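Right, one structure below, let's go through it.
In each ligand, atom 1 is the first atom listed, and ligand 1 is the first ligand listed. Hydrogens, waters and symmetry mates are skipped; everything else that's a heavy atom, side chains included, is used. Bear in mind that the values here come from a model prediction, so they are computed numbers and not experimental data.
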Amino acid sequence: MRAALRRSWLVRRALREAAPGRAPAPPCWSCGVALPSSDGPCFCPACQALQPPAPRPDLFRLMDCDRSFRIDAEQLQRRFRSLQQAVHPDRFGQRPPKEQYYSEQHSSLINKAYKTLLSPLSRGLYLLELRGVEPAQETDCDATFLTEIMEINEKLAEPKSEDVLEEIETLIKVKQEELTREVTAAFERDDLQEAKKLLAKMKYFANLEDKLKAKKIPS
Ligand SMILES: [Zn+2]
C-alpha cells in the first residue's frame with residue numbers, strides 16, 4: 001500500500017516537473033539553425049551567436065543544481081562564476097547590439113538565480129512556487145511566535161546599545177539556523193504545508209535582520 005502510494009506520488013511529481021514551459025527553443029536569431037531548448041545561456045553551434053534567455057527558465061537547472069532545498073553552496077558559486085564569465089557584457093563589445101543586449105539579460109538573470117538559490121528563505125519560497133504552493137500570509141503565524149517577534153522589535157526600537165544589538169544578532173542567527181534545519185527536514189519529507197509555515201517565520205527573522213543592519217550603521 002505504502003509502496004503504491006509512493007509510486008503514484010513519484011509519477012505525479014514527474015508529470016509536474018516535465019509539464020511547464022518546456023516549449024521547443026526558437027531557431028538561432030542570427031543564422032536560423034534549429035537549437036535545443038536550454039535553461040542556461042546558449043551559443044549557436046553554427047554561428048556562435050549568443051541566444052536570448054528562455055522566457056521562464058528553471059533557476060535550479062540554470063544553476064546546475066538538483067531541485068532540492070539542500071544545495072551545495074560552493075558548487076552554486078562555481079557555476080555562478082563560470083556562467084557570469086561566459087556571458088559577461090565586456091566580452092560582447094565587438095558583437096552586434098542584439099547580442100550585447102542578450103548578454104546583459106543573461107547576466108542579470110544569472111545574478112537573480114544565484115541570489116534566489118543561495119538564501120534559504122528565497123530558495124524555499126521558489127521551491128514552493130515551483131510546486132504551485134502559495135506563500136503563507138504573515139498573519140498565519142501563531143500568537144506565541146508573534147509575541148516573540150514583537151519583543152525583539154521593541155528591543156530594536158530602544159536607544160542604541162552595542163550589547164543589546166549583539167545579543168539580538170546572536171538570537172537572530174540561532175533562530176535562522178534552527179528554522180533552516182526545520183525547513184530542510186520539512187522539504188525532505190515533502191511536507192510543503194509545514195515548509196510554508198516555517199518560511200513565513202523565516203521571513204520575520206529576515207526582516208529583523210534588515211532592521212538590525214540598518215540600526216548598526218553609525219549615525
Ligand atoms: Zn546561428
Side-chain angles (χ1 to χ4, degrees), residues 7-135 180 183-184 187-188 190 192 195-196 199 206:
R7 244 191 333 269
S8 81
W9 176 78
L10 284 172
V11 168
R12 268 185 284 127
R13 192 179 68 168
L15 286 172
R16 201 163 42 228
E17 285 177 359
R22 298 297 282 173
C28 172
W29 62 268
S30 175
C31 74
V33 147
L35 297 170
S37 70
S38 154
D39 287 283
C42 166
F43 292 87
C44 171
C47 75
Q48 276 77 50
L50 177 63
Q51 304 300 308
R56 287 188 61 218
D58 180 316
L59 303 185
F60 283 97
R61 271 198 290 245
L62 169 60
M63 300 311 284
D64 222 1
C65 294
D66 291 336
R67 190 187 275 191
S68 147
F69 187 74
R70 248 182 226 281
I71 53 145
D72 180 337
E74 275 178 27
Q75 189 199 319
L76 178 66
Q77 196 180 42
R78 278 197 299 275
R79 173 77 174 161
F80 170 69
R81 291 213 184 106
S82 84
L83 284 176
Q84 277 303 16
Q85 216 174 1
V87 300
H88 198 285
D90 285 354
R91 298 178 59 141
F92 295 85
Q94 306 301 317
R95 305 288 301 173
K98 216 171 181 172
E99 248 180 292
Q100 293 177 22
Y101 174 63
Y102 293 152
S103 82
E104 285 161 18
Q105 282 190 314
H106 278 292
S107 185
S108 69
L109 179 66
I110 292 159
N111 276 329
K112 180 188 145 196
Y114 178 65
K115 281 189 196 152
T116 305
L117 298 195
L118 188 65
S119 134
L121 175 60
S122 53
R123 180 168 71 245
L125 292 173
Y126 180 58
L127 270 173
L128 288 185
E129 185 192 320
L130 288 175
R131 303 285 299 272
V133 178
E134 291 279 322
T180 301
V183 175
T184 308
F187 273 116
E188 277 169 9
D190 207 40
L192 300 183
K196 170 175 157 170
L199 287 164

After noting the C-alpha distance and the side-chain angles of Y126 and F60, does the key distance pass the ring-ring contact (aromatic ring centres under 6.0 Å, His included) rule?
CA-CA 10 Å; Y126 180 58; F60 283 97; 5.7 Å; yes

Backbone of D64 reached by a side-chain donor or acceptor of Q75 within 3.5 Å
yes

Measuring from the Zn ion (ligand 1), count protein N/O/S atoms under 2.8 Å, please.
4

How far apart are the closest heavy atoms of D39 and P57, and which atoms are they?
OD1-CA, 3.5 Å

From CG (N111) to CD (Q84), nearest 0.5 Å:
5.0 Å

Check whether any side-chain heavy atom of S107 sits under 4.5 Å from a side-chain heavy atom of H88, and report yes or no.
no

Using the ring of F187 (Phe, Tyr or Trp, six-membered ring only), decide whether R70 places NZ or CZ under 6.0 Å from its centre and within 45 degrees of its axis.
no

